[in-house]
Amino acid sequence: MEGPLVKIIAETLTELKGKRVISTSGTAKIEKEIIEGKEIKDIFNRGKNLFIKFPSLSIKLHFLMAGSYRLNEEKEGAIPKLSLIFNKGIFNFYGGIVKIINNNEMEKVYDEEVDVNSEKWNSEKVLRLTLQKKNKLICDVLLDQNIFAGVGNIIKNEVLYMVKIHPLSIVEKIPEEKLKELIFKTREFSILFYKAIKNGEKFGTYFKIYGKNQCPHCKEKVMKEKTGKTKRISFFCPSTQFLYA
DNA sequence: TGCCATGTTAAACT
DNA sequence: GAGTTTAACATGGC
């Protein structure tokens, strides 16, 4: 699940703010008791991570591919990883990963300035961090959550296609202006993605290359292969997208 | 029905 | 020790 969707979930869950956790349950191997009796101070996302913030510590939820949640109901045939039980109501989280981290660490490790959907997104910082990965493949760098928090495999493929850069291009070989264009496009597309889902549009409405067979630009067959260290699938058109190598 | 994938982490290797 | 590969997790969709 990519950043824009997690942001929407975080916004949906803000109604839990101010609620006190009466008890907890679930299969997650964490010290759940530690949050019992505590009040939810905030709910927000940083990239793909969803944070439920309590005084001094936070629960970090990650949806991975197939995570989900239910508010005030159970999900049929699934066992919660974590349930937060309130005086009135319950929050259930399924699949994914649950962790408890302290708030100092949260602020230190999960930088809002690299979150493609954050108001504090800082393009100069993202450029600086990207340039440090000079000999890496751009397809891998785009998935680096310390630089492009919230960007997932779909956004990766779409933005590379939009700016016509081949996924196997090497960072230091890409002209800086072109790299800037790519960086701004990750932001632009992530916001578009967010707004589309908010407006109830179908998931995938704006995809041009992800999951496609034919390049919309030159009509050639789209390549589909696992690329880079991350070995995630890249959909790309070798004719339309230039290989900087 | 079986397999893949909007993803990450830790263990097991080399 | 560093780098790479595999396994595990969970489930909707094709």
Side-chain angles (χ1 to χ4, degrees), chain A residues 1-10 12 25-30 45-51 58-70 73-83 91-101 105-106 109-111 114-117 133 135-137 139-162 167 185-198 200-213 222-236:
Chain A
M1 179 180 297
E2 311 217 1
L5 298 172
V6 180
K7 183 179 169 76
I8 289 170
I9 292 174
T12 306
S25 64
T27 58
K29 294 182 184 66
I30 57 165
N45 76 302
R46 291 270 203 287
K48 299 170 191 171
N49 292 296
L50 177 67
F51 289 98
S58 295
I59 290 183
K60 185 185 85 169
L61 302 179
H62 196 296
F63 290 80
L64 297 179
M65 304 257 207
S68 60
Y69 77 94
R70 293 290 186 277
E73 61 180 17
E74 318 284 324
K75 181 175 184 176
E76 201 170 332
I79 298 163
K81 270 266 160 68
L82 179 69
S83 298
F91 168 76
N92 292 311
F93 177 69
Y94 306 90
I97 297 169
V98 183
K99 272 194 175 172
I100 292 178
I101 59 178
E105 189 191 336
M106 188 250 298
V109 178
Y110 301 93
D111 184 357
V114 300
D115 180 343
V116 285
N117 280 99
K133 302 284 180 184
N135 59 350
K136 302 284 192 235
L137 300 178
C139 60
D140 287 333
V141 176
L142 280 171
L143 292 174
D144 186 332
Q145 298 300 296
N146 295 313
I147 305 178
F148 294 96
V151 169
N153 206 35
I154 293 175
I155 297 174
K156 175 196 87 179
N157 281 298
E158 291 297 326
V159 294
L160 284 172
Y161 180 73
M162 285 190 279
K185 198 57 93 173
T186 61
R187 168 87 169 156
E188 190 185 311
F189 185 73
S190 297
I191 289 173
L192 176 71
F193 196 163
Y194 165 83
K195 286 184 176 166
I197 303 297
K198 269 258 174 179
E201 294 180 62
K202 209 179 142 200
F203 187 69
T205 306
Y206 295 94
F207 300 170
K208 296 278 193 296
I209 194 84
Y210 182 85
K212 306 291 184 191
N213 292 312
V222 168
M223 303 286 293
K224 180 186 175 185
E225 48 187 66
K226 291 190 175 178
T227 53
K229 285 196 175 166
T230 48
K231 292 190 168 55
R232 303 295 302 280
I233 289 178
S234 287
F235 291 88
F236 62 99

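First the proteins, then the strands, lettered A, B, ... as listed; each starts at 1. All values below were derived from every heavy atom in this structure, side-chain atoms included, with hydrogens, water molecules and symmetry-related copies excluded.
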**Q** What is the distance from atom CD of A/Glu158 to atom NZ of A/Lys212, rounded to the nearest 0.5 Å?
**A**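 The distance works out to 8.0 Å.
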**Q** For nucleotides B/dA5 and C/dT6, find the distance between their P atoms and express it as a whole number of Å.
**A**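 Here B/dA5 and C/dT6 have their P atoms 16 Å from each other.
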**Q** Expressed as a whole number of angstroms, how long is the span from A/Asn92:CG to C/dA10:C1'?
**A**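 Rounded to whole Å, this separation is 16 Å.
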**Q** Considering only atom P, compute the distance from C/dA7 to B/dC4 and round it to an integer number of Å.
**A**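 Rounded to whole Å, the distance is 14 Å.
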**Q** Using modelled atom types only, decide if a donor and an acceptor are shared between the side chain of A/Lys7 and the backbone of A/Arg46 within a distance under 3.5 Å.
**A**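 Side chain of A/Lys7 to backbone of A/Arg46, a donor-acceptor pair under 3.5 Å: no, none is there.
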**Q** Let me know the distance between CG of A/Leu61 and P of C/dA10, rounded to the nearest Å.
**A**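 It is 15 Å, rounded to the nearest whole Å.
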**Q** Just checking, is any N or O donor in the side chain of A/Tyr206 or A/Glu201 under 3.5 Å from an acceptor N or O on the other one?
**A**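 Short answer, yes.
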**Q** Taking a pair as Watson-Crick or G-U wobble with both distances under 3.5 Å, which nucleotide is matched to C/dT4?
**A**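 Paired with B/dA12.
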**Q** Which part of the nucleic acid, if any, lies within reach of A/Lys75 when heavy atoms closer than 4.0 Å are counted: base, sugar-phosphate only, or nothing?
**A**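 Sugar-phosphate only.
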**Q** I need a per-nucleotide contact map over nucleotides 2-14 of chain B, read 5' to 3'. Cutoff is protein heavy atoms under 4.0 Å; write B for the base, S for backbone only, - otherwise.
**A** ---SBBS-S----
**Q** Give a yes or no on whether the backbone of A/Pro80 and the side-chain of A/Asn92 come within a donor-acceptor separation of less than 3.5 Å.
**A**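 Side chain of A/Asn92 to backbone of A/Pro80, a donor-acceptor pair under 3.5 Å: no, none is there.
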**Q** Give the ring-plane orientation class for A/Phe93 versus A/Phe63, where under 30° counts as parallel, over 60° as perpendicular and anything between as tilted.
**A**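 A/Phe93 and A/Phe63: perpendicular rings.
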**Q** Here's a test of your reading of the structure: between A/Lys229 and A/Ser68, which maps to the more 5' nucleotide of DNA chain C?
**A**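 Looking at DNA chain C, the more 5' nearest nucleotide goes with A/Lys229.
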**Q** Tell me whether A/Asn157 contacts the main-chain N or O of A/Phe235 through its side chain, where contact means a donor paired with an acceptor under 3.5 Å.
**A**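 Yes.
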**Q** Check the distance between C/dC9's C1' and A/Leu82's CG and give it to me in whole angstrom.
**A**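 After rounding, the gap between these two atoms is 16 Å.
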**Q** Under 3.5 Å for both donor-acceptor distances, Watson-Crick or wobble: does C/dG12 have a partner, and if so which one?
**A**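 Here C/dG12 is engaged in a pair, and the nucleotide opposite it is B/dC4.
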**Q** Calculate the interatomic distance between A/Asp140 atom CG and C/dT4 atom P; express it in whole Å.
**A**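 About 11 Å, once rounded to whole Å.
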